K.L.:
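Got a structure for you, questions after.
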Amino acid sequence: MTDQISFDQMVGAVEQAHTTIRRADRVAGQMARLLRGRLRSADIPNYILRDLKKELRDFNMHTGEWKS
């Protein structure tokens, strides 16, 4: 017996994944607002802080835009 999904099921799964990602992005913004000013006291592993700092290097705080 093979486990196969129909084309419609696959399309539905992709649409559900897009919806989940959009919701996660919205929640990430809400969490960022909560974390502002709390990074020093929050229990965040060093590697997460390092990765955030690395990603933010591409953000220009003067223009409010991401570098390409």
Side-chain angles (χ1 to χ4, degrees):
M1 183 168 111
T2 60
D3 292 330
Q4 294 183 352
I5 64 171
S6 71
F7 180 78
D8 290 338
Q9 288 173 316
M10 184 173 56
V11 169
V14 170
E15 289 173 357
Q16 185 177 4
H18 282 290
T19 299
T20 300
I21 289 170
R22 278 194 302 275
R23 288 177 179 169
D25 288 343
R26 196 168 37 245
V27 170
Q30 293 169 353
M31 288 190 307
R33 285 189 273 292
L34 288 171
L35 284 172
R36 186 176 45 205
R38 307 264 334 135
L39 291 176
R40 290 178 188 241
S41 60
D43 184 20
I44 303 172
N46 288 341
Y47 71 93
I48 297 290
L49 292 171
R50 183 186 65 235
D51 291 348
L52 286 171
K53 185 170 183 169
K54 184 177 179 182
E55 187 169 345
L56 285 169
R57 285 185 198 139
D58 291 335
F59 182 75
N60 185 325
M61 65 183 209
H62 300 292
T63 63
E65 296 178 355
W66 290 96
K67 299 174 188 171
S68 47

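For this chain, numbers begin at 1 and follow the sequence in order. Source: prediction; values computed, not measured.
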K.L.:
Is there a path of hydrophobic side-chain contacts, each under 4.5 Å between heavy atoms of I, L, V, M, F, W or Y residues, that connects Ile44 with Tyr47?
P.N.:
yes
K.L.:
Is there a path of hydrophobic side-chain contacts, each under 4.5 Å between heavy atoms of I/L/V/M/F/W/Y residues, joining Val11 to Ile5?
P.N.:
yes
K.L.:
Is atom CG of Asn46 surrounded by more than 12 heavy atoms (other residues, nucleotides or ligands) closer than 6.0 Å?
P.N.:
no
K.L.:
Is it true that, when you exclude Gln30 itself, more than 12 heavy atoms of the residues, nucleotides or ligands shown sit nearer than 6.0 Å to its CD?
P.N.:
yes
K.L.:
Are more than 12 heavy atoms from other residues, nucleotides or ligands located less than 6.0 Å from atom NZ of Lys54?
P.N.:
no
K.L.:
Provide the closest heavy-atom pair for Arg57 versus Lys67 in the form atom of the first, atom of the second, distance.
P.N.:
O-NZ, 3.5 Å
K.L.:
Any side-chain heavy atom of Arg22 within less than 4.5 Å of one from His18?
P.N.:
yes
K.L.:
Only counting residues at least two apart or in another chain, list the ones meeting side chain to side chain contact (heavy atoms under 4.5 Å, CB included) with Ser6.
P.N.:
Asp8, Gln9
K.L.:
With rounding to the nearest 0.5 Å, note down the distance linking CG in Leu39 to CG in Leu49.
P.N.:
6.0 Å
K.L.:
Measure the spacing between CZ of Arg33 and CG of Leu35 and express it to the nearest 0.5 Å.
P.N.:
11.5 Å
K.L.:
Not counting sequence neighbours, which residues clear side chain to side chain donor-acceptor pair (under 3.5 Å) with Arg38? List them please.
P.N.:
Ser41
K.L.:
So Leu56 and Trp66, do their side chains get closer than 4.5 Å, heavy atoms only?
P.N.:
yes
